[in-house]
Amino acid sequence: MRHSTYRLTVRGYELDSFGHVNNSVYLQYAETAMWNFFKVNGLMNVVFEEGLFPVILESNLRYIRELRLLDEVRIDTELSCTGGVVNYKHNIINKNTGLVACRVTGKLVYVNREERIICDIPAAVRECLEKDDDED
């Protein structure tokens, strides 16, 4: 299992009419953190070179507390492999209070670009996700 942290600040256009982050934006935050992990670890190019692309099978969000304009946000992510699926869990945390605002869990697979079928997790991705965080 691998851990990752991503940081951002709540922007005005992400707010709903009640002045807190719109529910769909939490999913955008979670996906941004995950794609950043894959980018930082050099995995996106490897996957594209193999003719694959990542597809999210499911995401489940549990809203706990609201985020508001200019809140500093930390997204702690855990990624692991089970069979042919990448499992992810994000804790979206308000850095100002230290409290979890939302939890996002889900599953991702890799699909062959041409045949549109689910494939095995690429070896480079599996190797990266199975490493301990202190092995980098």
Side-chain angles (χ1 to χ4, degrees):
M1 178 180 307
R2 292 295 302 271
H3 296 86
S4 174
T5 300
Y6 185 79
R7 292 176 172 77
L8 57 87
T9 301
V10 173
R11 297 161 291 235
Y13 60 85
E14 298 170 332
L15 304 180
D16 62 17
S17 59
F18 296 106
H20 53 72
V21 171
N22 181 282
N23 64 318
S24 65
V25 174
Y26 289 91
L27 184 56
Q28 293 172 6
Y29 288 172
E31 288 193 22
T32 299
M34 183 169 49
W35 300 130
N36 183 70
F37 171 85
F38 288 123
K39 178 184 171 197
V40 166
N41 286 283
L43 299 173
M44 294 304 287
N45 289 338
V46 170
V47 169
F48 292 141
E49 288 169 5
E50 291 187 29
L52 303 175
F53 59 93
V55 174
I56 296 198
L57 287 180
E58 77 180 52
S59 281
N60 300 293
L61 289 79
R62 170 74 169 106
Y63 303 104
I64 301 166
R65 292 177 186 84
E66 63 189 12
L67 291 172
R68 295 187 166 276
L69 182 63
L70 301 179
D71 279 345
E72 296 293 321
V73 178
R74 186 182 82 229
I75 304 166
D76 292 338
T77 301
E78 296 177 2
L79 297 155
S80 64
C81 299
T82 305
V85 175
V86 174
N87 301 292
Y88 55 86
K89 177 182 174 187
H90 306 280
N91 281 314
I92 300 174
I93 300 165
N94 182 332
K95 283 181 49 184
N96 303 338
T97 64
L99 300 173
V100 174
C102 183
R103 285 196 175 91
V104 181
T105 58
K107 298 176 182 188
L108 172 145
V109 294
Y110 288 92
V111 172
N112 179 286
R113 186 176 307 280
E114 292 182 20
E115 298 171 10
R116 301 291 205 235
I117 59 172
I118 295 174
C119 299
D120 290 334
I121 298 171
V125 173
R126 184 175 294 281
E127 181 179 309
C128 179
L129 296 182
E130 290 177 348
K131 281 195 303 187
D132 290 330
D133 289 322
D134 57 355
E135 289 182 36
D136 288 333

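The analysis underlying the following values was restricted to heavy atoms, covering all of them including side chains, and did not include hydrogens, waters or symmetry mates.
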According to side-chain hydrogen bond (donor to acceptor under 3.5 Å, both in side chains), who are the partners of R7, at least two apart in sequence or on a separate chain?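 Counting only residues at least two positions away or on another chain, R7 forms no side-chain hydrogen bond (donor to acceptor under 3.5 Å, both in side chains).
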
Which residue pairs pass the ring-ring contact (aromatic ring centres under 6.0 Å, His included) test when at least one of the two sits in residues 43-85, sequence neighbours left out?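 Qualifying pairs: Y26-Y63.
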
What pairs meet the ring-ring contact (aromatic ring centres under 6.0 Å, His included) rule with one or both residues in residues 66-115, with sequence neighbours excluded? Y88-H90

Show every donor-acceptor pair shorter than 3.5 Å between a side-chain atom in residues 114-123 and any protein atom, with sequence neighbours excluded, or say none if there are none.
{"unit_1": "R116", "atom_1": "NH1", "unit_2": "R113", "atom_2": "O", "d": "2.6"}

Output the distance between atom [atom1] ([X]) and atom [atom2] ([Y]), rounded to the nearest 0.5 Å.
{"X": "M1", "Y": "E78", "atom1": "CE", "atom2": "CD", "value": "5.0 Å"}
{"X": "C102", "Y": "N23", "atom1": "SG", "atom2": "CG", "value": "9.5 Å"}
{"X": "K107", "Y": "I56", "atom1": "NZ", "atom2": "CD1", "value": "13.0 Å"}

With heavy-atom distances below 4.5 Å as the criterion, would you say the side chains of [X] and [Y] are in contact?
{"X": "V55", "Y": "L108", "answer": "no"}
{"X": "E66", "Y": "V21", "answer": "no"}
{"X": "R103", "Y": "I64", "answer": "yes"}
{"X": "V10", "Y": "L15", "answer": "yes"}
{"X": "L8", "Y": "I75", "answer": "yes"}
{"X": "E58", "Y": "N60", "answer": "yes"}
{"X": "N87", "Y": "T82", "answer": "yes"}
{"X": "T9", "Y": "V73", "answer": "no"}

Measure from the side-chain N and O atoms of R68 to the backbone N and O of G19, and report whether any donor-acceptor pair falls under 3.5 Å.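 Side chain of R68 to backbone of G19, a donor-acceptor pair under 3.5 Å: yes, one is there.
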
Donor-acceptor contact present, side-chain N22 to main-chain S24, <3.5 Å: yes

Name every donor-acceptor pair, under 3.5 Å, that has one atom in a side chain of residues 30-38 and the other anywhere in the protein, sequence neighbours excluded.
{"unit_1": "T32", "atom_1": "OG1", "unit_2": "Q28", "atom_2": "O", "d": "2.8"}

Worked check of side-chain contact (heavy atoms from CB on, under 4.5 Å) between R2 and C128: CA-CA 8 Å; R2 292 295 302 271; C128 179; 3.3 Å; yes

Greater than 12 external heavy atoms within 6.0 Å of E72's CD: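 Check passes, neighbour count above 12.
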
Flag yes if [X] and [Y] sit in one hydrophobic cluster, no otherwise; membership is Ile, Leu, Val, Met, Phe, Trp, Tyr, and two members link when side-chain heavy atoms are under 4.5 Å apart.
{"X": "V111", "Y": "L52", "result": "yes"}
{"X": "L99", "Y": "L69", "result": "no"}
{"X": "F18", "Y": "L67", "result": "no"}

Could you please spell out the steps behind the side-chain contact (heavy atoms from CB on, under 4.5 Å) verdict for L61 and L27? CA-CA 8 Å; L61 289 79; L27 184 56; 4.1 Å; yes

Using only heavy-atom distances, determine whether the side chains of D76 and N91 contain a donor-acceptor pair under 3.5 Å.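 Side chains of D76 and N91: no pair found under 3.5 Å.
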
Can you see which heavy atom on V25 is nearest to which on E14, and at what distance?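 Closest heavy-atom pair between V25 and E14: CG2-O, 3.8 Å.
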
Minimum heavy-atom distance C81-L129, with the two atoms named: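 It is SG-CD1, 3.6 Å.
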
Does the side-chain contact (heavy atoms from CB on, under 4.5 Å) test come out yes or no for V125 and V47, once each step is laid out? CA-CA 8 Å; V125 173; V47 169; 3.8 Å; yes

Got a sec, which pairs hit side chain to side chain donor-acceptor pair (under 3.5 Å) with one end in residues 42-55, sequence neighbours left out? none

